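Please read through the structure below; I'll follow up with questions.
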Amino acid sequence: MPAPALRLAITGGIGSGKSTVARLFVNLGAILVDADALSHELTAPGGAAIAPIIEQFGASVLTQDGALDRSAMRTRVFADPQARRTLEHIMHPLVGQLASERGRDAERAGFGCVLYDIPLLAESSGWRRRVDRVLVVDCDPDTQIERVMNRSQLSRTAVEAIIAAQATRERRLHCADCVIDNTHVSLETLAFEVKHLASCFGL
Ligand code: ATP
């Protein structure tokens with residue numbers, strides 16, 4: 001009987017390096033369940049989130065093809081905390097359920113480590129008990145801002161506003177079983193640290 005799979009959640013603020021660390025884990029044999037990708041799937045035309053979204057927000061929040069207009073919704077929830085809570089109330093359980101299904105499929109397929117990339121883990125209830133370990137990719141805000149501005153068109157003010165709307169660094173660290181420091185760290189050093197951590201997890 002093979003050992004049960006390790007269920008590892010990875011989280012961190014915007015631009016902290018979650019996806020980079022996740023890719024390194026995948027290169028070492030983990031399988032990734034990506035909450036952002038699941039959220040896209042659920043809000044694509046005919047996705048399971050579309051009907052409850054229409055019920056709460058009306059059909060005007062959809063694009064012509066029936067997908068959630070993500071950019072319009074982002075603007076709306078940014079300006080309206082109640083709308084944000086309503087959307088989270090719809091999305092978090094659906095993403096959690098689909099992630100668990102995908103994780104179970106991966107375990108049945110024999111993967112020894114299922115890595116759940118959950119950007120909003122610290123903001124959502126329920127994730128902690130679904131996984132064995134929480135890995136936080138920690139990064140100082142200036143580095144986050146610089147990395148996000150380098151890879152997108154967002155202004156410093158826009159990135160600062162996103163950071164302010166996310167869980168605080170302290171709150172996130174409070175959820176952590178292990179932390180990877182990704183401030184002032186080269187990609188080579190990051191890869192080395194991930195390799196070391198992954199070996200502690202049997203990868
Ligand atoms: P998001 O929350 O927006 O999905 P993320 O936390 O997944 O972001 P990444 O996409 O992994 O972050 O990294 C953000 C950017 O910073 C990417 O362009 C990535 O290549 C770069 N990056 C990450 N870590 C480092 C590092 N140690 N040195 C240099 N660049 C880095």
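This structure is a prediction, so every number in the text was calculated from the model and none was measured. We count ligands from 1, going down the list as the structure has it; atoms in each ligand are counted the same way.
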For T20, atoms of ligand 1 separated by under 4.0 Å from a heavy atom: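 Here the atoms of ligand 1 in question are 9 (P), 11 (O), 13 (O), 19 (C), 23 (C).
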
Quick check on contacts: which atoms of ligand 1 are under 4.0 angstrom from a heavy atom of G17?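 Listed by number with element, the hits are 5 (P), 6 (O), 9 (P), 11 (O), 12 (O), 13 (O).
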
Which of the atoms of ligand 1 are close to G13, meaning less than 4.0 Å from one of its heavy atoms?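 Near G13, meaning under 4.0 Å from one of its heavy atoms, ligand 1 has 2 (O), 6 (O).
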
Supply the atom-to-atom distance N150 CG to I145 CD1, rounded to the nearest 0.5 angstrom.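 One finds 12.0 Å between CG of N150 and CD1 of I145.
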
Residue L187 vicinity, atoms of ligand 1 by number, heavy atom under 4.0 Å: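 So the answer, numbered in order with elements, is 24 (N), 25 (C), 26 (C), 27 (N), 28 (N), 29 (C), 31 (C).
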
Need the ligand 1 atom indices (1-based, order shown) with element for anything under 4.0 Å from a heavy-atom of V185.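 Selected atoms, number and element: 26 (C), 27 (N), 28 (N).
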
Non-neighbouring partners of D181 that pass side-chain contact (heavy atoms from CB on, under 4.5 Å), sequence neighbours left out: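 side-chain contact (heavy atoms from CB on, under 4.5 Å) check on D181 returns T183.
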
Hey, is atom 17 (C) of ligand 1 touched by any protein heavy atom at less than 4.0 Å?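 Within 4.0 Å of atom 17 (C) of ligand 1, no protein heavy atoms are found.
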
Co-members of F192 in a cluster of I, L, V, M, F, W and Y side chains, linked at under 4.5 Å: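 Grouped by the 4.5 Å side-chain rule, F192 forms a cluster of one, so the answer is none.
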
Is the backbone of A122 close enough, under 3.5 Å, to the side chain of R171 for a donor and an acceptor to pair up by distance?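 Yes, the answer is positive, given that a donor and an acceptor are paired below the 3.5 Å cut-off.
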
Should we count CD of Q82 as having more than 12 external heavy atoms under 6.0 Å?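 Yes, enclosed.
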
With heavy atoms only and a cut-off of under 4.0 Å, state how V137 meets ligand 1: side chain, backbone, both or neither.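 Neither part.
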
Could D34 and R102 be called an ion pair, given the rule that one side-chain N must be under 4.0 Å from one carboxylate O?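 Salt bridge absent between D34 and R102.
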
What's the shortest distance from atom 31 (C) of ligand 1 to any protein heavy atom, and which residue and atom give it?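 The answer is R147 NE, 3.5 Å.
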
Judged by non-hydrogen atoms, does S16 sit under 4.0 Å from ligand 1?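 It does; at least one heavy atom falls under 4.0 Å.
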
Where ligand 1 meets K18 - atom numbers and elements under 4.0 angstrom, heavy-atom basis: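 So the atoms of ligand 1 that pass are 1 (P), 2 (O), 5 (P), 6 (O), 7 (O), 8 (O), 11 (O), 12 (O).
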
Distance-only, no hydrogens or angles: does the Q144 side chain make a donor-acceptor pair with backbone N or O of G15 under 3.5 Å?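 Pair absent, no side-chain N/O of Q144 close to backbone of G15.
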
Quick one: does G15 get a heavy atom under 4.0 Å from ligand 1?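 It does; at least one heavy atom falls under 4.0 Å.
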
Non-hydrogen side-chain atoms of V131 and I118 separated by less than 4.5 Å: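 Counting from C-beta outward, V131 and I118 never come under 4.5 Å.
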
For ligand 1, the portion of R151 having any non-hydrogen atom under 4.0 Å away: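 Within the 4.0 Å criterion, R151 contacts ligand 1 through side-chain atoms alone.
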
Measure from atom 24 (N) of ligand 1 to every heavy atom in N182, V159, L154 and give the option owning the shortest one.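 Selected option, by shortest heavy-atom distance: N182.
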
Linked, directly or transitively: L38 and I90 (ILVMFWY side chains, under 4.5 Å):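 Same cluster: L38 reaches I90 through Ile, Leu, Val, Met, Phe, Trp or Tyr contacts under 4.5 Å.
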
What is the closest protein heavy atom to atom 7 (O) of ligand 1, and at what distance does it sit?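 Going atom by atom, the protein heavy atom closest to atom 7 (O) of ligand 1 ends up being S19 OG, 2.5 Å.
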
